[in-house]
Structure formats: structure tokens, C-alpha cells
Protein chains: 2
Amino acid sequence: MATQRLTKQRKAITEALRSQENFKSAQEIHALVNLNGETIGLSTVYRNLTEMFEARDVDMIIGTDGESQYRLCSNGHHHHLTCTNCGLAIEITGEALEVWAKQVGIDNGFTEIAHTLEITGICRACKNT
Amino acid sequence: MATQRLTKQRKAITEALRSQENFKSAQEIHALVNLNGETIGLSTVYRNLTEMFEARDVDMIIGTDGESQYRLCSNGHHHHLTCTNCGLAIEITGEALEVWAKQVGIDNGFTEIAHTLEITGICRACKNT
DNA sequence: GATTAAATGGGAATGATTGTCAATAAGCCT
DNA sequence: AGGCTTATTGACAATCATTCCCATTTAATC
């Protein structure tokens, strides 16, 4: 169905993502790609990020202002500890949390239980500024 | 500073919120209020919901589509177990989680630690449909 | 009732995201 | 290599929640 052609645009987007440590908005990714010489349509960036998210190649979070942000992600379920000042994002895993969340759902008669968790704060570097 | 006048618009919005059990978008609140006879501007609804959120009179969550949703809230910090089908929202508290989240932040050198957590699933009623 | 600043409303403006569709090009076949 | 098929692209229009603007209204005070 999805024959997944490897276009230069897709490569450029992946490259831009690889060069970034933390979450960036689609618009920022678009700007980054175009800075590198290529000229890629905004629609294309959105389409690819969405596809990559669905393929679980990138992580997506919705920021406090409702803007979606993306980042290449390691495999497996995890959460983030994000600095609200500089955007530094550290991956967090917590087996206990996973179990607890599922149990809460079950206790209330829910099925197909999923959860999202974001921890935020000010990182050490930003605090000393 | 904020003299907080008790306008009939604000009353109507509070009334609409009181009549709803679960999270509703600003647009839905607006529709609800206008159904009850009053004619209130959309800007006013947004302004008041934002103020009420800042005053911690209402809970706000950002849905998966980036739309903000509001609900009158009981006091204190808590999370929600939400049915993705019907919108049923159950308040959850978990001391262990709070402690864990804060500890994760501290372990990584963060300060001013906050967190958001949403658990979702299909509630019993929706499952049997 | 008069005064005054807070609050309203509605229409325009913003800004992210999605839709459209003709033009382009990746991968396959020979 | 050349041709074919169809996934993919890109420029622009369209959508939609939310915010902005500002003249008008009105709650609270005296």
C-alpha cells in the first residue's frame, strides 16, 4: 500500500531532525531544511512529519500553545523531562508508572488504556543564568 | 488590579460550565450559553475561560487535536482518566506519582518541576455498544 | 443619577495546519 | 538506458481555533 519512496525531500527532513537534539515545530523544521539550500514545500514537511509519527519514527508532543513539535525518537515507550526555558528534553522511562496508569484504568472499568505524561521544569544550566 | 466585576456574561458561562460534567471546548461552551437565550460574544467566552483558568477555577487540557478544553474543577492537584469515545472524565489522584515525577526532575538537576498526565481509554459503557 | 474604568462584542487578523490538483520524479520493467 | 506508473511534491487556497482591536456598554462606587 504505502510504497514509501525515498525522496530527497524526505532525506532532507530526516537530516534536519537528526541535527536537532530537542523538539522542534513543523515550521522550524521547514525553516531548517530550507536554510540548508533545499527548497521544500511546507505541506511536504507536514505530510512527512505526520507519516513519520504514524510510523513511530518520530515523537510528537503538543506544546502548551497547541503547536505540535517533533523529534526523532529512540524506540520504545517513554516520556520526557523538558526544560521550559531552553527546550532540553531528556527521555524518561518508568515501569512503575506504566503499571500504575494501567491499573487506574482497569480499576475504573476502562479498556484500551493509554497515557501521556510530560514532566517540565528548569534545567541546571538555565537556572544558573 | 483585577476588579473582577460580576457580569451576567460571566454568570452565564459559569452556569454553562456547571451544567457540564466533562471537558468542553470554548466553542462548545459558547454554543451552550447562546442556546440558553443569552447572546454572548465568542471573544468574551475565551477571555473569561482564560481568566478562570488562571484563577484556577477551571481545569484546562489540550486535546489531541490541539483544541483547548475546559471544565469546572474541584480544588487541588489531580489528573484525569478520560474516555476517548464519550468524553467521560474521572478525576484521579496519586500521591506516589507526584513524588515519583518530582524525584525524576530532581535526579536530573531540574527545579520548578511540574507535570501533566492524562490517562485515556474506553469506558465500560462505551465498550458495550 | 453621575462617573469611570472594567468588560463586552463582533468583525478583522493571525497563525498553524490541511486540502487541492496539476506537475514532477522514484522505482520497476524491458 | 528509456519508458511507464503512480507516489509524492509544491504553491496556493481554505479552514479553524484563538487573539486582537476598539467603539460601545455597564457594574460598581460615590
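Chain naming here is simple, since letters A, B, ... match the order of the sequence lines and numbering starts at 1 in each.
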Practice task
Name all residues meeting the side-chain hydrogen bond (donor to acceptor under 3.5 Å, both in side chains) criterion together with B:Asp57; count only those two or more places apart in sequence or in a different chain, and write none if there are none.
Solution key: none
Practice task
Could you pull out all residues at least two apart from B:Glu112 that satisfy side-chain contact (heavy atoms from CB on, under 4.5 Å)?
Solution key: A:Ile122
Problem - Close approaches to DNA chain C from residues 16-24 of chain B, in residue order (heavy atom, under 4.0 Å) - result: none
Practice task
Spell out protein contact along nucleotides 8-19 of chain C as letters: B when the base is contacted, S when just the sugar-phosphate is, - when no protein heavy atom is under 4.0 Å; keep the 5' to 3' order.
Solution key: BBBB----SBBB
Problem - Within residues 27-68 of chain B or reaching into it, pairs that qualify as ring-ring contact (aromatic ring centres under 6.0 Å, His included) - sequence neighbours excluded - result: none
Problem - Co-members of the apolar cluster containing B:Val99 [side chain, <4.5 Å] - result: none
Handout entry: Residues in salt bridge (Lys or Arg N to Asp or Glu O under 4.0 Å) contact with B:Glu51, at least two apart in sequence or another chain
Key = B:Arg10
Handout entry: Between D:dT25 (C1') and B:Leu6 (CG): distance, integer Å
Key = 16 Å
Handout entry: Those residues that, when tested against A:Thr14, pass side-chain hydrogen bond (donor to acceptor under 3.5 Å, both in side chains) (two or more places apart)
Key = none
Exercise for the section: Measure from CG on B:Leu49 to P on D:dA17 and round the result to the nearest Å. Expected result: 15 Å
Problem - ring-ring contact (aromatic ring centres under 6.0 Å, His included) contacts in which one or both residues fall within residues 81-109 of chain B, not counting sequence neighbours - result: none
Practice task
Please answer whether the main-chain N or O of B:Glu67 pairs with a side-chain N or O of B:Asp65 as donor and acceptor at a distance below 3.5 Å.
Solution key: yes
Exercise for the section: Could you tell me whether the side chain of A:Arg5 has a donor or acceptor atom within less than 3.5 Å of a complementary atom in the base of D:dA7? Expected result: yes
Tell me which donor-acceptor pairs under 3.5 Å the side chains of residues 79-90 of chain B have, and how far apart each pair is, sequence neighbours excluded?
residue, atom, partner, partner atom, Å
B:His79, ND1, B:Leu117, O, 3.4
B:His79, NE2, B:His77, NE2, 3.3
B:His79, NE2, B:Glu98, OE2, 3.3
B:His79, NE2, B:His115, NE2, 3.2
B:His80, NE2, B:Asp59, OD2, 3.2
B:His80, NE2, B:Arg71, NH2, 3.3
B:Thr84, OG1, B:Gly121, O, 3.4

Exercise for the section: Would you mind reading off the bend of the helix from C:dG1-D:dC30 to C:dT30-D:dA1 from its two end axes, five pairs each, to 10 degrees? Expected result: 30°
Practice task
Tell me, please, which residues at least two apart from A:Gln103 pass side-chain hydrogen bond (donor to acceptor under 3.5 Å, both in side chains).
Solution key: A:Asp107
